[in-house]
2 protein chains.
Amino acid sequence: MPLAPLFRPIDVAPAYQKVADAIEREIVNGRIKPGDPIGTEHDLVRQFGVNRSTIREGIRVLEEGGLISRDSSRRLHACLPRYTRLASRLSRALVLHEVTFRELYEASMTLEVASIEGAVERATEENLAELSDNLARSEAVIGDPAMLAECDAEFHVLVAKASQNRVLQLAREPAAQLFYPTTEMTVTGVAEGGPRLVAAHRHLIEAIQRRDREAGVLWTRRHLQDWRRGFEKIASLDRSVEHMYMEHAQAARRR
Amino acid sequence: MPLAPLFRPIDVAPAYQKVADAIEREIVNGRIKPGDPIGTEHDLVRQFGVNRSTIREGIRVLEEGGLISRDSSRRLHACLPRYTRLASRLSRALVLHEVTFRELYEASMTLEVASIEGAVERATEENLAELSDNLARSEAVIGDPAMLAECDAEFHVLVAKASQNRVLQLAREPAAQLFYPTTEMTVTGVAEGGPRLVAAHRHLIEAIQRRDREAGVLWTRRHLQDWRRGFEKIASLDRSVEHMYMEHAQAARRR
DNA sequence: TGCTGTCCCTTTGTCCGACAAAGTTAGAGT
DNA sequence: ACTCTAACTTTGTCGGACAAAGGGACAGCA
């Protein structure tokens with residue numbers, strides 16, 4: 001019969017980790033609010049009683065996690081983690097796991113349909129204004145696939161935003177970051193690709209305005225199917241996402 | 001009229017960031033494969049020509065991003081970022097953004113339905129075996145809400161895995177991490193909560209076996225609605241997710 | 001008064017050197 | 001071939017150091 005456990009496992013995390021955890025705890029449970037200053041490295045050295053190098057390693061960890069950042073004067077303060085920044089970590093992971101475009105397509109279908117449903121139900125006037133503005137800009141660059149692809153990505157971010165569901169916004173982001181960089185190629189490959197894309201956006205905006213869920217779902221599906229048709233002219237859906245996207249993601253993360 | 005921009009913004013990233021970026025690039029574009037050793041800190045000092053403190057800060061950044069980790073002997077090697085680890089960052093972000101349970105519920109409804117649809121279509125024998133094993137364990141702890149909640153969380157991870165769609169697996173994870181810790185409470189609050197939960201799981205497994213999509217979707221919906229009913233006995237869906245979940249998430253991240 | 005330039009102090013990013021603890025390797029001894 | 005021990009290496013932490021950049025106060029000037 002095994003002995004009854006006398007001791008609890010003791011916490012042997014390195015000091016920099018403990019520093020990071022301690023600060024994280026204060027932020028997450030609200031004692032330090034987003035925007036609050038954290039203090040200088042020297043302050044933290046005094047408070048934690050460890051060397052500045054140790055503090056700095058702990059800070060890097062939190063900074064990478066998006067929990068704290070440095071303002072223009074490089075002073076530390078807590079902040080609300082930005083979705084796109086975090087999502088780019090996930091996109092990177094998806095690339096390394098070599099997910100296929102089929103997985104991306106299927107997941108995006110689900111997530112974008114859910115987004116439009118939410119948007120149809122809850123979009124505000126302001127959301128609609130943003131979407132219309134985006135549409136206008138899209139029409140202006142209809143002949144430029146790169147610019148148009150950028151507008152398209154933004155459009156779908158705005159739709160997700162209009163759904164007023166931040167969980168959904170976050171969930172779709174990693175897939176979107178990998179998905180939308182290909183739009184440029186798919187638009188180029190299909191005759192009338194640009195106009196079709198913009199037309200779909202217009203129908204989506206109208207659907208939201210009319211609170212017409214059916215139309216919203218329908219046009220989201222068509223829009224994605226257009227992407228798929230365009231993509232399959234270039235490559236198989238079963239190809240894994242390529243490394244080239246990471247440059248895009250890396251640039252986005254830095255912002 | 002403003003001057004035409006003569007200069008591009010110059011890249012003034014600190015050295016530790018450049019170190020991290022350089023290593024990240026090599027990993028992401030595949031020159032360093034997951035599992036490959038990175039070399040000792042001393043090696044990196046020689047290669048990059050910067051101080052060890054600088055190298056260490058760069059390493060922390062990558063470590064936090066899940067791109068590299070230290071094995072049992074603390075040597076560095078590249079590795080495949082683990083979904084749950086990354087997702088816990090996102091869960092944390094959702095908590096800080098004070099998302100509501102309604103958002104969580106709505107997003108989970110979408111994501112879990114998509115998971116079951118994928119599972120019905122593509123689950124393997126092995127997936128089914130894992131699910132059945134989970135079911136057996138659930139039945140064994142049907143009277144223990146805490147253990148049962150844990151089984152429930154695992155069950156849905158397994159369903160997502162059975163969908164063979166890693167994008168979906170990843171997308172559902174942050175919501176799930178916040179969602180499933182409440183299952184314990186909802187099971188406790190509802191008469192026959194435990195048995196209902198296990199029955200739903202059984203129906204889901206059967207649906208996957210029979211490749212019966214309708215049934216899968218139906219029982220996923222019911223299962224989530226059960227959660228909702230249980231939750232609404234305790235609190236409003238419009239309450240924001242509480243800080244208490246973070247302890248759960250923090251423990252999970254460490255693993 | 002409002003703007004500008006200067007000096008000083010603080011803070012950050014980086015460097016150097018050091019050391020204990022833990023892990024690794026090589027060699028001695030059986 | 002196996003074990004035990006004695007170097008050697010590597011990591012985590014420490015102390016101190018310094019240049020560059022920012023912030024603040026203060027004087028000078030319009």
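In what follows, chains carry the letters A, B, and so on, assigned in the order in which the sequence lines appear, proteins first and then strands, with residues in each chain numbered from 1. Note that the coordinates shown come from a computational prediction; the quantities given were computed from them, not determined experimentally.
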Checklist entry - Hey, are Glu57(B) and Arg56(A) close enough for a salt bridge, meaning a charged N less than 4.0 Å from a carboxylate O? => result yes
Item to check | Salt-bridge contact Lys33(A)-Asp36(A) (side-chain N to carboxylate O under 4.0 Å) | outcome: no
Item to check | Interatomic distance, Leu44(A) CG vs dT12(C) P [rounded to whole Å] | outcome: 9 Å
Item to check | Given dT10(D), dT13(D), dT14(C), the nucleotide with the shortest approach to the side chain of Thr40(B) | outcome: dT10(D)
Checklist entry - Does OP1 or OP2 of dG12(D) have a side-chain N or O of Arg56(B) closer than 4.0 Å? => result yes
Checklist entry - Would you call the rings of Trp227(A) and Phe101(A) parallel, tilted or perpendicular, where under 30° means parallel and over 60° means perpendicular? => result tilted
Next on the checklist: Tell me the interatomic distance from Ile38(B), atom CD1, to dT11(D), atom C1', rounded to whole angstroms.
Outcome noted: 16 Å
Item to check | Near-ring test Tyr83(B)/His97(A), centroid separation under 6.0 angstrom | outcome: yes
Next on the checklist: Nearest whole Å is fine: how far is dG13(C) C1' from Lys18(B) NZ?
Outcome noted: 13 Å
Checklist entry - Rounded to whole angstroms, how far apart are CD on Glu57(A) and P on dT14(C)? => result 13 Å
Checklist outcome for this item: Here the distance between atom P of dC9(C) and atom NE2 of His42(A), to the nearest Å, is 16 Å
Next on the checklist: Distance check needed: dT11(D) P versus Ile68(B) CD1, whole Å only.
Outcome noted: 11 Å
Next on the checklist: Check this one for me: any side-chain N or O of Asn51(B) less than 4.0 Å away from OP1 or OP2 of dC16(C)?
Outcome noted: yes
Next on the checklist: side-chain contact (heavy atoms from CB on, under 4.5 Å), that's the test. Do His156(B) and Glu112(B) meet it? Break it down for me.
Outcome noted: CA-CA 8 Å; His156(B) 293 280; Glu112(B) 300 300 342; 3.9 Å; yes
Checklist outcome for this item: Its contact letters, B for base, S for sugar-phosphate only and - for none at protein heavy atoms under 4.0 Å, make nucleotides 18-23 of chain D read ----SS
Next on the checklist: Can you tell me if Thr54(A) touches the phosphate of dC14(D), counting only side-chain N or O atoms and a distance under 4.0 Å to OP1 or OP2?
Outcome noted: yes
Item to check | Atom-to-atom span, CG of Leu76(B) to C1' of dT9(D) - whole angstrom | outcome: 14 Å
Checklist entry - More than 12 foreign heavy atoms under 6.0 Å from CZ of Arg239(A): is that the case here? => result no
Checklist outcome for this item: Here the distance between atom C1' of dT11(C) and atom NE2 of His77(A), to the nearest Å, is 15 Å
Item to check | Heavy atoms from other residues, nucleotides or ligands near CD of Glu150(B) exceed 12 (cutoff 6.0 Å) | outcome: no
